[in-house]
Student: 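My questions all concern the structure below.
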Amino acid sequence: MNTLFIVLTLLIPIFLLLTKGRRSPKRVPPGSLGIPIVGHSLHLLRAMRANTAEKWLQQRIQIYGPISKLSLFGKPTVFIHGKDANKFVFTSDSSTLSNSQPQSVKKLLGDRCLLELSGQDHKRVRDALGLFLKPESLKSYVGKMDEEVRMHIAMHWEGKQEVKVLPLMKTLTFNIICALLFGIERGARREKLVDWFQEMMEGMWSIPINLPFTRYNRSLQASASIRNMTKDLIGEKRMELAKKGVNPHKDLISCMLSTRDENNREVINENEIMDNVMLIAQSKQKGELLTWDDLAKMKYSWRVAQETLRMVSPIFGGFRKAVKDIEYDGYLIPKGWQIFWVTNMTHMDSSIFPESSKFDPARFNNQASIPPYCFIPFGGGPRICPGYEFARIETLITIHHLVTQFTWKLLADNFFKRDPMPVPTEGLPIQIMPKTNITS
């Protein structure tokens, strides 16, 4: 026993000396990881569906401070917020942070979409997407979007006294996606794809337990159906592109297939095309299609849209993964942990946006007055959403047709939940009245 004691007495100081340089002086942020696998996921999802998620996070801030640890969707996570946190998330390179989504999102969208790629892979795929989504290319898609919106209104709005806006806007958005991203015209094939997209979206943020009859299971099946159809479409587009005179930029799949390197090889592989197509998943005479120049004049309409995005952001937040041990705000974020950032924490900060609960589109009259990394509905910095202009065009075209053709009155309380995107609890029913003598 005495010998063992002497050996330990000698070895312990040596061990401490050897490990002293490798131990971080920082500690992980305060908080609890909760029970295994589930962690705090159910608490967050329940708060989002009750539209109290911001309150739930504010309570964490009051208890633990501006940075805390928790467990979300099966992974240890650090929650950070504020302007500096946003800047850190959106400007850190791939040697510090990598894209990382909850397992439920990764399984549904695939691991080769922009949300998962980093470094040169991210740049390669983003550059290819940029050929389709850059303003110069999008100018040619305005007429097609306008045509889709007109057909949608004729089918679902005209002649009606009441409509539910939420399901109709989902249908419109997915129809535009089918037309411009997949190149599928109206018909049974498009209707199937629209249904599958809506089913897939419902399981985006969920606990990834794949059991029959669960939301996650249904979403996985819908995702598989979309991928199978997309694979067939890729084959069809390849055959079309082999013919002379075919426009390689008529839809996203064709554009990505036609992107070649210096050796005339496809830059994007089939899995990357499928994953990213799924990710990316308005003063005229009556009857005349809108143009790019018309949209450029709709400055006030876009300010209204921006203020709406500020107050009710479509994306609640997102995730990154620590590639290495990171020291942040006096704490250690261990390698492999998730970092969770939230949009609304700066959008509704009255020190950044005075009277933040007031709807005021004039806030965006002078874009330069808004501090960087505070208005982030589409992200920011080098990671800003490449579909930003695509979304702006669709929004402006839709606004144009709705406000020039109808007046309306809300028929229910304007409450919504997040699932994970904002969803009006009653589908946003409105009474619509057609405007007469429309000349613009």
Side-chain angles (χ1 to χ4, degrees), residues 36-51 53 71-75 100-116 156 164-178 181-182 184 186-234 253 270-271 273-281 314-319 338 387 416-428:
I37 300 177
V38 176
H40 300 82
S41 306
L42 291 178
H43 295 288
L44 175 61
L45 292 173
R46 191 180 300 119
M48 289 176 70
R49 287 166 188 161
N51 196 23
S71 177
L72 292 175
F73 309 109
K75 288 189 176 182
S100 179
Q101 300 305 305
Q103 191 67 16
S104 55
V105 177
K106 188 182 297 187
K107 287 285 188 181
L108 292 172
L109 294 182
D111 57 8
R112 301 303 297 172
C113 73
L114 276 182
L115 293 179
E116 290 298 322
H156 301 289
K164 281 194 175 182
V165 176
L166 175 64
L168 291 181
M169 288 299 100
K170 280 186 177 181
T171 298
L172 172 61
T173 298
F174 289 128
N175 270 314
I176 290 175
I177 286 173
C178 287
L181 273 61
F182 290 85
I184 303 177
R186 288 180 178 269
R189 199 181 199 185
R190 183 191 285 195
E191 290 173 6
K192 281 185 181 179
L193 195 56
V194 169
D195 290 341
W196 289 334
F197 258 116
Q198 299 204 43
E199 188 78 67
M200 184 187 75
M201 292 293 291
E202 291 182 2
M204 284 299 225
W205 277 28
S206 60
I207 296 174
I209 299 175
N210 186 14
L211 294 175
F213 311 114
T214 63
R215 172 184 288 198
Y216 183 59
N217 178 267
R218 292 193 302 270
S219 294
L220 282 174
Q221 292 182 40
S223 175
S225 298
I226 295 171
R227 297 177 75 84
N228 288 334
M229 183 180 284
T230 305
K231 190 171 184 177
D232 291 341
L233 284 167
I234 290 172
I253 293 177
E270 190 170 282
N271 285 334
I273 292 175
M274 287 193 290
D275 291 356
N276 284 284
V277 168
M278 291 170 72
L279 170 66
I280 303 291
I315 302 299
F316 179 74
F319 296 87
Q338 288 184 144
F416 71 90
K417 61 181 179 180
R418 285 193 175 275
D419 199 22
M421 290 183 280
V423 177
T425 53
E426 296 186 43
L428 199 62

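Since the structure is predicted, the reported quantities are computational estimates derived from the model, not experimental observations.
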Student: Locate the shortest heavy-atom distance separating S41 from G74; write the atom from each residue and the value.
Tutor: OG-N, 4.4 Å

Student: Looking at CG of L233 and CZ of R189, how far apart are the two atoms once the value is rounded to the nearest 0.5 Å?
Tutor: 4.5 Å

Student: For the NZ atom of K417 and the CG atom of L45, what is their distance to the nearest 0.5 Å?
Tutor: 12.0 Å

Student: Roughly how far, to the nearest 0.5 Å, is the CD atom of E199 from the CZ atom of R215?
Tutor: 9.5 Å

Student: Kindly give the heavy-atom pair with the smallest separation between G427 and P167, and that separation in Å.
Tutor: O-CD, 4.0 Å

Student: Sub-3.5 Å donor-acceptor pair from the side chain of T173 to the main-chain atoms of M169, do we have one?
Tutor: yes

Student: Please find the pair of heavy atoms, one from P314 and one from P422, that lie closest to each other, and give the distance.
Tutor: O-CD, 3.5 Å

Student: Side chains of N51 and F416: does their closest heavy-atom pair fall under 4.5 Å?
Tutor: yes

Student: Rounded to the nearest 0.5 Å, how far apart are CD1 of I226 and NZ of K192?
Tutor: 13.0 Å

Student: For the CE atom of M229 and the CH2 atom of W196, what is their distance to the nearest 0.5 Å?
Tutor: 4.0 Å

Student: Got a second to check how far C178's SG is from E191's CD, nearest 0.5 Å?
Tutor: 10.0 Å

Student: Sequence neighbours left out, what passes ring-ring contact (aromatic ring centres under 6.0 Å, His included) with H156? Give chain and number order.
Tutor: H152

Student: How far apart are the closest heavy atoms of F316 and A53, and which atoms are they?
Tutor: CZ-CB, 3.5 Å

